[in-house]
Novice: 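What follows is a structure written as structure tokens; I'll ask about it next.
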Amino acid sequence: MKMQKEYDPQNIETQIQAGWEENQVFAVSEDSDKEKFYCLEMFPYPSGKLHMGHVRNYTIGDVISRYQRQLGKNVLHPMGWDAFGLPAENAAIKNKTAPAPWTDSNIASMRDQLKRLGFSYDWSRELATCKPDYYKWEQWFFTKLFERGLVYKKEAEVNWDPVDQTVLANEQVVDGRGWRSGALVEKKKIPQWFIKITDYAEELLVSLDDLDGWPDAVKTMQRNWIGKSVGAEVEFLVEGEAPLNVFTTRPDTIFGVTYLAVAAEHPLAIKAASDNQVVADFRKQCAQTSTAEADLETMEKLGVDLGITASHPISGKQVPVWCANFVLMSYGTGAVMAVPAHDERDFEFATKYGIEIKPVVYPQDGDLDISAGAYTGDGELQNSGEFDGQSSTQAKESITQWLSDNAKGTQKVNYRLRDWGVSRQRYWGCPIPFTYDADGEPSPATEFPVTLPTDVVMDGVGSPIKKMSSFIDTVNTQTGAPAKRETDTFDTFFESSWYYARYCCPDLDTAMLDERADYWLPADQYIGGIEHAVMHLLYARFFHKLMRDVGLIDSDEPFVRLLTQGMVVANTYYRKEGEGKEEYFTPEEVSVEYDDRGSVVSAKLVADDQPVLIKVEKMSKSKNNGVDPQSMIDKYGADTVRLFTMFAAPPEQSLEWNDDAIAGGSRFLRRVWNLFDKHSAALGANRLHSMVGVDGANSVAKAHRLTVHTILQRAMFDYERQQFNTVVAAAMELTNAIEKADFAAMGEHSDAVLSEACYVLLKILAPVTPHLCEHLWNEYGTDMDLVDSGWLAVDQAALVKDEITYVIQVNGKLRAKLDVPASTAKEEIEVMAQSDENVQRFLEGLTIRKIIVVPNKLVNIVAN
RNA sequence: GCGAGAGUGGCGGAAUUGGUAGACGCGCUGGAUUUAGGUUCCAGUGUCUUGCGGCGUGAGAGUUCGAGUCUCUCCUCUCGCACCA
């Protein structure tokens with residue numbers, strides 16, 4: 001077969017993809033003879049189209065999967081759809097359809113796009129979380145957790161839109177107002193389902209230590225999120241009321257307590273409001289904020305004196321009780337003790353409201369100065385009664401002991417982590433499998449699935465199933481008595497917490513999971529955005545442990561190795577429209593001027609010839625800077641798009657889109673094509689193969705093989721550490737080297753050296769640009785599929801150098817280079833280095849103090 | 001506000017983990033090919049002096065024979081904060 005003359009990616013890629021599909025190359029099953037490798041990427045929300053972030057995420061996963069497959073492993077690489085969620089409801093309202101058909105058609109078009117990119121998925125395992133055969137198992141699982149006492153119901157706050165009479169997501173609250181109605185959002189308490197993730201807080205924390213394949217940044221963030229702290233729970237008595245318990249990590253500062261603060265929702269605040277209008281108004285004000293923590297924390301710290309006092313547990317002194325907007329009812333006991341002298345926030349608050357600031361901890365060296373702010377360090381106690389003179393460390397223990405002995409408190413471990421609220425008052429989600437009897441008592445479902453009706457009309461206000469009697473009215477399956485169905489649905493994090501396990505047995509209809517899960521799990525590699533560092537990844541880890549404890553699987557953690565990929569960003573062109581608002585223009589609307597070095601001078605809007613501003617931001621519709629992957633595939637082909645996304649940046653960093661640079665990627669693949677074409681006669685006759693040994697090779701051939709095998713070694717090192725941009729760079733260097741090589745000068749071995757170099761190039765490049773490589777492999781390789789053709793070894797003999805270049809420094813500055821035989825002794829190198837002409841020039845008038853020799857690398861002569 | 005991360009030529013980035021800063025690519029400059037545009041090929045390209053050399057990895061200090069890399073302080077940007085996914 002004669003190769004086409006021109007590189008035609010569209011043609012090659014569709015042909016190669018058809019071949020993969022026909023031969024089911026990526027369908028896998030359990031095989032105890034092979035080492036398994038489960039490679040997983042975070043599944044997409046089916047928004048309609050792939051964006052560049054998806055392309056990047058899935059290309060990284062595909063490169064890893066294909067590399068592992070070439071290493072000979074049994075690679076599972078599945079894909080599916082995180083198909084429940086808010087955007088489908090919004091789209092349904094806008095397009096006057098139901099969420100289900102909208103979602104289905106999005107899945108269909110995104111699946112086509114993924115297939116066009118040539119990803120090595122086992123499509124037979126595809127799943128969508130909105131399908132009853134998927135979600136029925138999480139309903140079943142939730143009832144198992146209920147039986148185990150890990151699920152409970154309690155009142156919790158939501159964002160309430162008083163005009164639309166509906167619950168809003170944080171995202172739907174803009175500047176404290178509902179995004180549709182514009183009404184001021186209020187906090188409202190409603191009963192909701194929770195899962196006791198706090199029961200697993202300690203294990204989730206401790207087992208982070210075993211996750212060697214996870215980035216430290218992610219582990220640190222999870223540790224801080226769980227937020228374990230050891231301290232004391234202290235009881236302050238309030239006359240005529242229940243005692244006020246507070247948790248503190250600083251019992252050593254307890255004599256510095258000058259007030260207590262409770263949340264607006266705290267019973268004491270509610271009671272005080274009944275006969276105190278100021279408190280009532282303050283509570284109202286506190287209710288009119290979003291529930292987002294970032295909003296609460298950046299808000300001005302405000303409070304009001306409740307006019308109540310509590311008695312200090314040790315001194316017995318009365319301290320005032322305040323109500324403050326920064327105390328969260330949902331965290332801890334909803335009350336805190338305040339020590340303004342030794343806590344920044346308390347200091348700020350006390351200063352503002354003229355509350356006493358009483359220092360009790362003094363720094364060991366130097367004076368205490370709290371005129372400008374709190375002293376938060378440790379020190380020596382004063383003004384602390386019998387504990388005066390103790391160090392903070394001693395006092396933490398002795399004061400806790402005293403409280404414990406006098407029944408005024410106990411030592412306590414506290415976690416910042418809160419239980420997982422899984423109830424959502426939305427339609428497009430998995431129905432929570434409970435019914436309520438006439439008295440409101442909940443009963444778990446016994447038949448699954450509890451199917452979500454999909455034939456609905458979205459009116460824009462609330463969930464349609466909340467008004468649908470055919471859904472709501474049912475019977476208690478245990479007693480046969482009439483019952484009402486729960487109309488809330490699960491948080492979509494619920495579905496995404498276990499999909500990775502279901503991929504192992506997606507066709508199973510008799511159980512949630514079977515023994516196949518234990519063959520594949522844990523996943524060896526997980527890849528997704530850093531934005532999921534805490535919540536999704538923590539919920540998935542939690543769910544894994546729950547599934548283990550219910551007896552479904554036997555591993556402790558879901559993901560062995562984690563890669564958090566960076567964002568895809570691009571230039572934005574914008575103007576400030578005042579009030580922090582910005583107007584964004586598309587690249588087509590703008591003309592950019594460069595100077596003769598290629599640096600940007602200015603950019604103007606074509607329409608009015610006036611300047612616009614430029615900055616680099618995450619690709620998004622609202623910023624008008626998105627690049628549609630499909631248009632790039634149509635223009636350059638999938639291999640070029642894949643190559644560019646791998647080459648432009650290392651996986652964990654953000655990737656800046658550049659239209660010129662992707663054209664460079666296309667140029668490189670054409671050069672590879674032309675290289676094989678140029679040597680087609682020699683390659684066709686030899687077939688691609690590695691050389692064995694260096695016997696008989698002349699010096700030109702040897703030098704070339706040294707280059708080839710050095711590059712191969714580097715590429716393998718970079719594959720292992722997952723730095724794919726330098727893998728591509730290595731392939732480019734190798735291509736340059738083959739293009740420049742003088743094969744005629746290599747004598748009888750020229751064809752073998754050429755064949756080996758091209759073989760290495762193909763193997764290095766195959767995971768990144770599989771279509772081009774598979775095509776060339778069909779042309780010049782064996783009958784086997786490229787992914788199953790194995791990897792190749794670095795020829796250590798080819799790496800042996802006869803001569804080594806030493807860098808010669810004088811006082812750390814480069815002054816000469818020295819080529820010496822590899823066998824040269826250290827002493828001899830020192831002498832040669834000193835006698836170099838340029839080195840002598842810089843040593844003139846100086847005395848040599850020391851000579852440092854780093855073997856095979858450098859000599860540094862220290863002189864003064 | 002709290003937690004985490006990142007800053008290297010005109011640009012994206014590399015530096016085998018404390019040892020030649022700028023690999024590879026984009027852009028730009030000059031040349032060749034081409035009727036022209038595009039393509040392709042060759043050469044050059046951190047910066048200042050265009051001699052030898054000096055300076056240079058966000059800013060400032062420190063450790064070291066030697067720092068982009070380690071330590072401290074500061075600045076800027078990015079991500080997350082529990083109902084976007």
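Just so we're on the same page: letters track the sequence lines, and every chain starts at 1.
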Novice: Sticking with atom P, work out how far B:rU73 lies from B:rU78, rounded to a whole angstrom.
Specialist: 23 Å

Novice: Any side-chain donor-acceptor pair under 3.5 Å between A:N170 and A:N159?
Specialist: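 Result is yes, a qualifying pair exists.
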
Novice: Choosing from B:rC81, B:rA4, B:rG1, which nucleotide comes nearest the side chain of A:A217?
Specialist: B:rA4

Novice: Base, sugar-phosphate, or nothing: which does A:R841 touch, judged by heavy atoms less than 4.0 Å apart?
Specialist: sugar-phosphate

Novice: Any base atoms under 4.0 Å from A:L86, or only sugar-phosphate, or nothing? Heavy atoms, all strands.
Specialist: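 A:L86: backbone/sugar contact only, no base atoms under 4.0 Å.
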
Novice: Go through A:E300 and A:K352 one step at a time and tell me if the salt bridge (charged side-chain N to carboxylate O under 4.0 Å, His left out) criterion holds.
Specialist: CA-CA 11 Å; A:E300 193 189 356; A:K352 184 178 200 162; 2.6 Å; yes

Novice: Quantified in whole Å, what is the P atom distance between nucleotide B:rG10 and nucleotide B:rA23?
Specialist: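 It works out to 14 Å between them.
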
Novice: Would a line drawn from the ring center of A:W420 to the ring center of A:F194 be shorter than 6.0 Å?
Specialist: no

Novice: Using whole Å, what does the distance between atom P of nucleotide B:rG5 and atom CZ of A:R223 come to?
Specialist: 11 Å

Novice: Using a 4.0 Å heavy-atom cut-off, does A:N170 contact any base of the nucleic acid, only the sugar-phosphate backbone, or nothing at all?
Specialist: sugar-phosphate

Novice: Which part of the nucleic acid, if any, lies within contact of A:T492, taking any heavy atom under 4.0 Å across all strands shown: a base, the sugar-phosphate backbone alone, or nothing?
Specialist: sugar-phosphate

Novice: Would you say the rings of A:Y500 and A:Y526 are close, in the sense that their centroids are separated by under 6.0 Å?
Specialist: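 For A:Y526 and A:Y500, the ring centres are not under 6.0 Å apart.
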
Novice: Could you give the distance from CG (A:L208) to NZ (A:K219), rounded to the nearest 0.5 Å?
Specialist: 7.5 Å

Novice: Side chains of A:D295 and A:S290: any donor to acceptor distance under 3.5 Å?
Specialist: yes

Novice: So if I take every side-chain heavy atom of A:D82 and compare against B:rC84, B:rG1, B:rA85, which nucleotide ends up nearest?
Specialist: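 Looking only at heavy atoms from C-beta outward on A:D82, the closest nucleotide is B:rA85.
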
Novice: In whole Å, measure the gap between the C1' atoms of B:rC11 and B:rG22 for me.
Specialist: 13 Å

Novice: How far, in whole Å, is B:rC70 from B:rG5 if one measures between their P atoms?
Specialist: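 Approximately 12 Å lies between the P atom of B:rG5 and that of B:rC70.
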
Novice: For A:F842, which contact category applies under a 4.0 Å heavy-atom criterion: base, sugar-phosphate, or nothing?
Specialist: sugar-phosphate

Novice: Quick test: give all pairs of protein nitrogen or oxygen and nucleotides 24-31 of chain B nitrogen or oxygen below 3.5 Å, distance rounded to 0.1 Å.
Specialist:
unit_1 : atom_1 : unit_2 : atom_2 : d
B:rG25 : OP1    : A:N736 : ND2    : 3.3
B:rC26 : OP1    : A:R667 : NE     : 3.2
B:rC26 : OP1    : A:R667 : NH2    : 2.6
B:rC28 : O2'    : A:D596 : O      : 2.0

Novice: Under 6.0 Å from the ring centre and within 45 degrees of the ring axis: does the NZ or CZ of A:R815 meet both conditions for the six-membered ring of A:F842?
Specialist: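 Yes, cation above the ring, under 6.0 Å and within 45°.
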
Novice: Which is true for A:P650 with a 4.0 Å heavy-atom rule: it touches a base, it touches only sugar-phosphate, or it touches nothing?
Specialist: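 Since only primed, P, OP1 and OP2 atoms lie under 4.0 Å of A:P650, the category is sugar-phosphate.
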
Novice: May I have the distance from A:L562 (atom CG) to B:rA4 (atom P), rounded to whole angstrom?
Specialist: 18 Å

Novice: So A:W420, base contact, sugar-phosphate only, or nothing? Heavy-atom distance under 4.0 Å.
Specialist: nothing

Novice: B:rA15 P sits how many Å from A:N725 CG, rounded?
Specialist: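 So the CG-P distance, A:N725 to B:rA15, works out to 8 Å.
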
Novice: Can you tell me which nucleotide in B:rA4, B:rC84, B:rG1 comes closest to the side chain of A:P87?
Specialist: B:rC84

Novice: Give the nucleotide from the list B:rG3, B:rG19, B:rG1 with an atom nearest to the side chain of A:Q809.
Specialist: B:rG19

Novice: If every non-hydrogen atom of A:E617 is compared with every non-hydrogen atom of A:N625, which pair is closest and at what distance?
Specialist: O-ND2, 3.1 Å

Novice: Categorize A:L417 for me: base, sugar-phosphate, or nothing, with a 4.0 angstrom heavy-atom threshold over every strand shown.
Specialist: base

Novice: Using a heavy-atom cut-off of under 4.0 Å over every strand shown, decide if A:Q192 touches base, sugar-phosphate, or nothing.
Specialist: base

Novice: If you take all heavy atoms of A:A833 and A:V859, which pair is closest and at what distance?
Specialist: CB-CG1, 4.1 Å

Novice: Within the 4.0 Å heavy-atom criterion, would you say A:V807 contacts the bases, only the backbone, or no part of the nucleic acid?
Specialist: base

Novice: Would A:Y135 and A:F490 count as a close aromatic pair, with their ring centres under 6.0 Å?
Specialist: no

Novice: Side chains of A:E41 and A:Q565, heavy atoms from C-beta outward: is any pair under 4.5 Å?
Specialist: no

Novice: Fill in the dot-bracket string of RNA chain B, one character per base: . for unpaired, | for a pair to another strand, ( ) or [ ] for pairs within the strand, taking Watson-Crick or G-U pairs under 3.5 Å.
Specialist: (((((((..(((......[....)))((((((.......))))))(((....)))..(((((..]....))))))))))))....

Novice: Name the nucleic acid region contacted by A:T805, choosing base, sugar-phosphate or nothing; use a 4.0 angstrom heavy-atom cut-off, strictly under.
Specialist: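 Since no nucleic acid heavy atom lies under 4.0 Å of A:T805, the category is nothing.
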
Novice: Could you work out the separation of B:rG46 and B:rG68 based on their C1' atoms and round it to a whole Å?
Specialist: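 My reading of the C1' atoms in B:rG46 and B:rG68 gives 15 Å.
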
Novice: How long is the line joining CZ of A:R416 and C1' of B:rA82, in whole Å?
Specialist: 8 Å

Novice: Select one nucleotide: of B:rA82, B:rC52, B:rG12, the one nearest the side-chain heavy atoms of A:E656.
Specialist: B:rG12

Novice: Would A:W673 and A:E6 count as having a side-chain donor-acceptor pair, cut-off 3.5 Å?
Specialist: no

Novice: Atom CD of A:Q425 and atom P of B:rC84: how far apart are they, to the nearest Å?
Specialist: 12 Å

Novice: Can you tell me, in whole Å, how much space there is between the C1' of B:rG7 and that of B:rG60?
Specialist: 16 Å

Novice: Can you measure A:E720 atom CD to B:rU17 atom C1' for me and round it to whole angstrom units?
Specialist: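 Atom-to-atom, A:E720 to B:rU17, this comes out as 17 Å.
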
Novice: C1' atom, B:rU76 versus B:rA85: distance in rounded Å?
Specialist: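 One C1' to the other, the span is 29 Å.
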
Novice: Could you check whether A:F326 gets within reach of a base, just the sugar-phosphate, or nothing at all, counting any heavy atom under 4.0 Å?
Specialist: nothing

Novice: Is B:rU17 in the syn or the anti form, by the rule that syn lies within 90° of 0?
Specialist: syn

Novice: Indicate, with a heavy-atom threshold strictly under 4.0 Å, whether A:A731 touches base, sugar-phosphate, or nothing.
Specialist: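 The answer is nothing, as A:A731 stays clear of every strand by at least 4.0 Å.
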
Novice: Nucleotides 56-58 of chain B: which of its N/O atoms have a protein N/O under 3.5 Å away?
Specialist:
none

Novice: What closest approach, in Å, do A:V185 and A:R177 show between heavy atoms, and which atom pair accounts for it?
Specialist: CG2-C, 3.6 Å

Novice: Base, sugar-phosphate, or nothing for A:M567, non-hydrogen atoms under 4.0 angstrom?
Specialist: sugar-phosphate

Novice: Looking at A:R180 and A:D161, does any basic side-chain N land under 4.0 Å from a carboxylate oxygen?
Specialist: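 Looking at A:D161 together with A:R180, the answer is no, because their closest N to O distance does not fall below 4.0 Å.
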
Novice: With no angle test and no hydrogens, is the base of B:rU20 tied to the side chain of A:K817 by a donor-acceptor pair under 3.5 Å?
Specialist: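 Indeed, a donor on one side and an acceptor on the other fall under 3.5 Å apart.
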
Novice: Between A:Y636 and A:F644, is the ring centroid distance below 6.0 Å?
Specialist: no

Novice: Within the 3.5 Å criterion, strictly below it, is a donor on A:T198 or A:D419 matched to an acceptor on the partner's side chain?
Specialist: yes

Novice: If each of A:T726 and A:E739 is mapped to the nucleotide of RNA chain B with the nearest heavy atom, which maps nearer the 5' terminus, i.e. the 5' end?
Specialist: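 Result of the comparison: A:T726.
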
Novice: For atom P, what is the distance between B:rG51 and B:rU39, given to the nearest Å?
Specialist: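 Here B:rG51 and B:rU39 have their P atoms 35 Å from each other.
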
Novice: Given that A:R424 and A:D216 both sit by RNA chain B, which one's nearest nucleotide is further toward the 5' end?
Specialist: A:D216

Novice: Report the nucleotide, chosen from B:rA82, B:rG19, B:rA85, that has the shortest atom-to-atom distance to any side-chain atom of A:A292.
Specialist: B:rA82

Novice: Rounded to whole Å, please give me the gap between CG in A:L814 and P in B:rC55.
Specialist: 13 Å

Novice: Measure CG/A:L669 against P/B:rU40 and give the value in whole Å, please.
Specialist: 13 Å

